[in-house]
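Worksheet: the structure to be examined is printed underneath.
These numbers come from a predicted model, not from an experiment.
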Amino acid sequence: MFDKYPWLEPVLLGAVIVFILDLVGNLISFSNRVMNALATAIVFAIVFGGLLYTGILTLDVKTVTTETPAVTAPATPATTTP
């Protein structure tokens, strides 16, 4: 199933992690919506940062550079004499 859609596994794993972190944030904030959003963001930042710092999670970001063509001056129209 994951062979056909290689992006599906990380998306589902991320959704489960965010769901669990949101539950923790909701328990911390006592069901206040603004505090829930803030608590969830803080818990996510701590867990995500910790996973990156310890090396358990790595981000494989590749930079692709392209060669830009040299800018040339626009061609001037030919002048015609009647």
Side-chain angles (χ1 to χ4, degrees):
M1 179 173 145
F2 293 123
D3 294 334
K4 188 174 180 182
Y5 303 105
W7 53 268
L8 188 59
E9 184 177 359
V11 169
L12 292 176
L13 183 62
V16 169
I17 291 170
V18 168
F19 178 76
I20 292 169
L21 292 176
D22 189 45
L23 284 177
V24 171
N26 194 18
L27 290 172
I28 293 171
S29 66
F30 304 110
S31 299
N32 181 341
R33 289 184 182 185
V34 174
M35 293 304 292
N36 181 22
L38 183 62
T40 300
I42 291 170
V43 170
F44 177 79
I46 291 170
V47 170
F48 188 70
L51 290 174
L52 286 175
Y53 182 75
T54 58
I56 295 172
L57 178 68
T58 58
L59 296 179
D60 186 21
V61 180
K62 296 178 184 173
T63 304
V64 178
T65 58
T66 58
E67 191 173 313
T68 57
V71 178
T72 59
T76 57
T79 57
T80 57
T81 57

Using a 3.5 Å cut-off and no angle test, enumerate the donor-acceptor pairs between side-chain atoms of residues 40-53 and protein atoms at least two apart in sequence or in another chain.
unit_1	atom_1	unit_2	atom_2	d
T40	OG1	D22	OD1	3.0
T40	OG1	N36	O	2.8
T40	OG1	N36	OD1	3.3

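When all heavy atoms of A39 and G25 are compared, the closest pair comes out as CB-O, 3.6 Å.
The closest side-chain heavy-atom distance from I28 to V24 is below 4.5 Å.
With sequence neighbours left out, the side-chain contact (heavy atoms from CB on, under 4.5 Å) criterion links I17 to L13, L21.
Rounding to the nearest 0.5 Å places CE of M35 at 12.0 Å from CG of N26.
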